[in-house]
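Keep in mind the model is a prediction, meaning the values are calculated, not measured. In this chain, residues are counted from 1 in sequence order.
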Amino acid sequence: MRLPLQFSTAGLLVGTIFFALSLTPSLIPREGVVQGAISGVSTVAGYGVGVFAAWLWHYMELPAVSGRTRAVLRWLVAAVCVLLAVGFLLQATSWQNSVRALMGLEEVPGVRPFTVALVAALVFLVLLLIAKLFRRLFYFLSGKLQRRVPRRVATLLGLVAAFLLFYSVISDVVLSAALHKVDAIYQQLDARIAPDMEAPTGANQAGGPDSLLRWQDMGHQGRRYLALGPKEKDIAEVSGRAKDPIRVYVGLNAAETPEARASLALEELKRVGGFDRANLILITPTGTGWVDPGAINSIEYLMRGDIASVAAQYSYLPSPIALMTEDAYGRETAEALFQAIYGHWSNLPKQARPKLYLFGLSLGALNSDRSFDFYDIIDDPFHGALWTGPPFRSDTWRMVTAHRDEGSPAWLPEFRGGSVVRFGNHFGGYEKGGQPWGDFRIAYLQHGSDPIVFFDPAAAYRKPAWMEKPRARDVSPDLKWYPIVTMLQLGMDMHAGIAPMGYGHSYAPEDYVHAWYQLTQPEGWDEASLKLLKEKLGKWNPR
């Protein structure tokens with residue numbers, strides 16, 4: 001069954017259904033262009049399902065319509081598609097506003113239905129054209145092969161050859177050129193030294209005149225991390241007494257290998273007296289080398305500056321690109337830094353060494369989790385870890401969530417009574433647990449609306465556990481699961497969704513204060529002082 005311009009009737013019907021369902025809410029509110037892109041991709045996916053269903057119907061030699069009935073069916077399908085698309089477009093605004101209301105955002109008057117429709121149509125046509133080119137290439141190759149081998153063998157070989165040729169062109173030509181361009185852009189950004197970003201002048205500061213690390217080798221995010229933290233006077237305004245925190249950051253250009261950079265980090269940390277502080281934080285940054293200031297500032301305030309932190313850069317690319325292109329390199333760097341710091345720390349007298357904690361956000365949380373083996377630390381464990389917004393690929397997170405205590409939700413699990421691992425978000429959670437939180441602690445900070453955490457390819461064919469009731473308070477009750485479509489929505493949320501602070505993958509300083517306080521239990525803080533600290537961090541502006 002085909003409409004004019006060689007469109008499949010079944011494909012258009014299922015494609016329109018997928019288009020309509022893609023307009024329903026997901027975790028993150030979407031603007032017109034983003035909504036159009038996900039709707040276009042969903043339409044193509046539905047079109048492919050419809051074409052396959054029609055082929056399977058024909059292959060099974062089931063009855064087919066023809067003649068006048070076929071023409072009437074075409075027009076009927078066309079009418080249904082138009083009504084379905086228009087009807088769902090008219091409801092899209094209220095669906096998006098249901099998500100915005102949960103995140104404290106103002107309602108929008110409309111999601112630009114014409115923009116959504118136009119972008120979706122363009123995406124659909126481009127992807128459909130690529131699919132048709134693939135089919136033509138497949139027919140061409142299999143036709144040539146049929147002259148030399150049996151027909152079914154030629155069909156199989158033609159399909160494999162067409163796939164390999166397309167993959168080679170897209171991977172080696174299109175993606176390679178795009179990645180080289182992106183790499184060049186972010187390399188320039190990483191090397192840029194802001195005019196108002198002056199190098200440290202203190203003898204005991206990383207990047208200073210006596211440092212083992214050169215300021216120009218830090219990278220853009222490393223220089224910001226070293227220069228823009230709170231000082232003794234800032235912390236004393238809240239706690240009454242304080243020290244200057246110690247920060248060490250090794251840039252990607254400081255040495256050739258992860259092991260060499262880890263060795264530099266260790267020697268610099270020893271030089272500036274990092275192991276003489278009461279607390280030590282081993283940080284794994286995000287793909288760009290960024291360390292969330294809300295995370296490190298909050299623990300420096302809570303510890304009244306009696307703390308040192310160390311981080312090593314492994315990339316200057318955004319986390320999704322770094323995960324795709326430099327996944328192994330990030331893990332190698334995290335492992336090398338952990339082995340260097342933990343190896344020295346574990347050889348110090350227990351009564352004279354600092355408490356050691358790990359921290360990572362997003363891709364940093366994934367690589368921090370990968371940086372050690374529990375068998376290596378079981379005789380002398382570090383004190384704890386805070387992993388924020390862990391990607392769905394994180395092994396420990398997946399295991400704990402899958403084996404959570406009965407009755408606890410997937411978006412805020414309880415695991416074995418909370419004796420080791422606890423979860424929290426901006427609504428609480430760390431206080432839960434039937435067992436006391438032991439000396440070795442792992443804390444997860446994750447929002448129920450974070451697509452980086454809750455994306456799962458399996459959502460294409462099964463309903464995710466976090467969608468069951470009761471749901472997280474920042475997840476729209478209008479969010480429903482639809483095969484394939486929901487997975488595509490979450491994928492777009494993960495790569496293009498931007499949520500306000502305190503929702504999605506944006507973690508607020510007050511969330512970190514609560515998480516670090518529960519994890520480390522610093523002395524001398526009460527509810528009033530913690531509230532004052534949260535207010536100060538919420539207004540933090542180092543400039």
Could you check if a side-chain atom of [X] sits within less than 4.5 angstrom of a side-chain atom of [Y], using non-hydrogen atoms only?
X: E535; Y: K531; answer: yes
X: P390; Y: V453; answer: yes
X: E510; Y: M501; answer: no
X: D450; Y: L27; answer: no
X: D292; Y: Y512; answer: yes
X: R30; Y: Q96; answer: yes
X: L366; Y: W387; answer: no

Do [X] and [Y] meet the criterion of a side-chain donor-acceptor pair at a distance under 3.5 Å?
X: S394; Y: D369; result: no
X: T284; Y: N367; result: no
X: S362; Y: T286; result: no

Closest approach of Y430 to A443 (non-hydrogen atoms, all atoms of both residues): CE2-CB, 3.9 Å
Looking at the rings of F415 and H403, which for Trp means the six-membered one, are their centres under 6.0 Å apart? no
Taken to the nearest 0.5 Å, the spacing of W481 CH2 from T486 OG1 works out to 7.5 Å
Nearest-0.5 Å distance that lies between atom CE in M487 and atom CG in D456: 10.0 Å
